[in-house]
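Okay, structure first, notes after.
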Amino acid sequence: MFQIFSDIASWLVFDLLGLSADTKLGDALHFFVEDVTKIFALLLVMIYLIAVIRASLNVERVRDFLAGKSRGFGYMLGSMFGAITPFCSCSSIPVFLGFSSAGIPLGITMAFLITSPLINEVAVLLLMSLLGWKFTLMYILVGMVVGMLGGLFLDAIKAERWLQSFAAEALKHGKEHEFQSNSQERQTLTFSDRHQFAKQETIDIFGRVWKWVIIGVGLGAALHGFVPDGWIESHLGDGQWWSVPAAVLLGIPLYSNATGVIPVMESLIVNGLPIGTTLAFCMSTVAASFPEFILLKQVMQWKLLATLFAVLLVAFTLVGWTFNIISFSTI
């Protein structure tokens with residue numbers, strides 16, 4: 001589905017500009033064009049569709065359904081939804097805002113936001129072929145548990161107070177049943193009304209975040225491919241306890257989506273990097289990179305970003321240690 005963006009990038013960078021795919025500049029520029037066009041398309045489509053759904057459905061039903069269940073059930077639902085949606089953090093922003101507008105607790109929304117970039121169907125298929133179904137199932141369960149525990153912790157410290165003002169207002173209005181008085185009216189809106197509402201939402205949100213997409217992906221592209229081949233395996237491949245947090249920290253300045261990191265994951269595992277260290281590195285690259293947090297800054301204040309950042313780093317380190325212990329004990 002996303003091949004068209006790679007084709008556009010190849011045409012622009014390799015055919016039109018004449019750069020070679022074998023050079024770091026050509027590779028980095030191709031990465032930049034492909035990811036920017038893909039994220040822009042995802043943002044526009046997702047913001048519009050979520051806005052149409054918000055204008056069409058009675059969001060109170062979603063909130064009331066969750067209100068009748070335990071908070072733990074809500075975390076599980078948020079994490080499960082994140083596991084089956086192929087979003088990175090940046091393209092999850094409109095979904096994040098949609099959840100907030102419905103008054104869904106921040107912890108449940110964060111369970112979705114944390115899990116979504118971690119679990120990917122391509123990663124699942126790769127791990128299944130390389131490591132078998134047991135490790136793959138553990139990978140899925142661990143990713144969901146990370147999301148659920150992250151949501152639980154952020155709710156416990158009342159992290160919603162650290163949302164940006166417009167996101168906090170959306171959550172506040174949702175909790176106060178702002179839309180209850182006109183929920184019946186929403187169900188009778190014409191398609192033209194829904195389109196106009198969605199169009200305005202798309203313009204407003206896209207206008208707020210587009211430049212941060214360019215900055216974030218640009219930073220990732222500048223760093224993409226500039227780590228020497230074999231460096232990671234040679235320096236972190238012996239399985240020492242410190243290699244896992246080192247791999248997590250190393251992944252932060254890099255950038256990739258879950259699909260793009262799959263060849264890296266495969267290469268690292270095949271070349272002997274311990275499984276836990278590999279997973280920790282790839283999780284950090286996908287869900288805790290600087291570019292992703294630059295984009296998330298549009299909906300979160302620095303305190304919430306720093307807290308989320310710390311939660312992810314601790315979680316990835318624990319995941320890496322756990323998988324290394326399991327894999328070494330099975331050798």
Side-chain angles (χ1 to χ4, degrees), residues 46 50 54 59 62-63 65-67 69-120 140-175 205 209 216 248 252 257-258 283-284 286-319:
M46 288 305 303
I50 291 295
R54 285 174 54 200
V59 295
V62 178
R63 180 175 54 240
F65 173 78
L66 290 173
K69 306 293 188 298
S70 69
R71 185 60 64 87
F73 182 76
Y75 298 140
M76 185 179 69
L77 284 182
S79 184
M80 288 177 61
F81 184 54
I84 63 176
T85 50
F87 303 144
C88 60
S89 298
C90 50
S91 49
S92 299
I93 289 175
V95 184
F96 180 95
L97 292 175
F99 282 8
S100 298
S101 298
I104 295 174
L106 178 67
I108 297 175
T109 306
M110 293 303 296
F112 158 77
L113 193 68
I114 293 171
T115 308
S116 182
L118 294 182
I119 300 177
N120 176 273
I140 295 172
L141 293 177
V142 165
M144 291 181 60
V145 169
V146 167
M148 293 170 64
L149 292 179
L152 172 65
F153 174 74
L154 292 168
D155 263 351
I157 64 173
K158 302 186 183 304
E160 63 188 55
R161 56 192 164 147
W162 296 329
L163 289 170
Q164 292 288 9
S165 58
F166 78 97
E169 281 297 311
L171 181 61
K172 177 182 176 182
H173 291 326
K175 285 186 174 180
I205 296 177
V209 304
V248 171
I252 294 172
N257 54 40
M283 285 181 170
S284 176
V286 171
S289 66
F290 286 146
E292 295 287 350
F293 275 78
I294 289 174
L295 299 177
L296 290 176
K297 176 64 175 65
Q298 306 316 296
V299 293
M300 303 176 186
Q301 296 181 24
W302 285 113
K303 287 184 178 179
L304 180 52
L305 274 179
T307 303
L308 176 61
F309 189 69
V311 167
L312 290 176
L313 295 190
V314 171
F316 298 160
T317 300
L318 293 177
V319 168

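The heavy-atom pair separating Val146 from Ala315 by the smallest distance is CG1-CB, 3.8 Å. The two atoms that bring Gly107 and Asp155 nearest to each other are N-OD1, 2.9 Å, heavy atoms only. Nearest heavy-atom pair across Gln301 and Leu163 is NE2-O, 2.9 Å.
Side-chain contact between Phe309 and Leu313 is present, with heavy atoms from C-beta onward closer than 4.5 Å. At least one side-chain heavy atom of Ile157 sits less than 4.5 Å from a side-chain heavy atom of Trp162. With a 4.5 Å cut-off on side-chain heavy atoms, Ile114 and Leu308 count as touching.
Rounded to the nearest 0.5 Å, atoms CG (Leu149) and OG (Ser79) are 9.5 Å apart. With values rounded to the nearest 0.5 angstrom, Trp302 atom CH2 is found 12.5 Å from Thr307 atom OG1. Note: Tyr75 OH to Thr115 OG1 = 13.0 Å, rounded to the nearest 0.5 Å. Here the CE-CG distance, from Met148 to Leu141, works out to 10.5 Å after rounding to the nearest 0.5 Å.
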What's the verdict on side-chain contact (heavy atoms from CB on, under 4.5 Å) for Met300 and Leu113, showing C-alpha distance, side-chain angles and the deciding distance? CA-CA 12 Å; Met300 303 176 186; Leu113 193 68; 3.5 Å; yes

So Leu304 and Leu154, side-chain contact (heavy atoms from CB on, under 4.5 Å) or not? Walk me through it. CA-CA 9 Å; Leu304 180 52; Leu154 292 168; 4.0 Å; yes

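Pairs passing the salt bridge (Lys or Arg N to Asp or Glu O under 4.0 Å) check and including a residue from residues 298-314, sequence neighbours excluded, do not occur.
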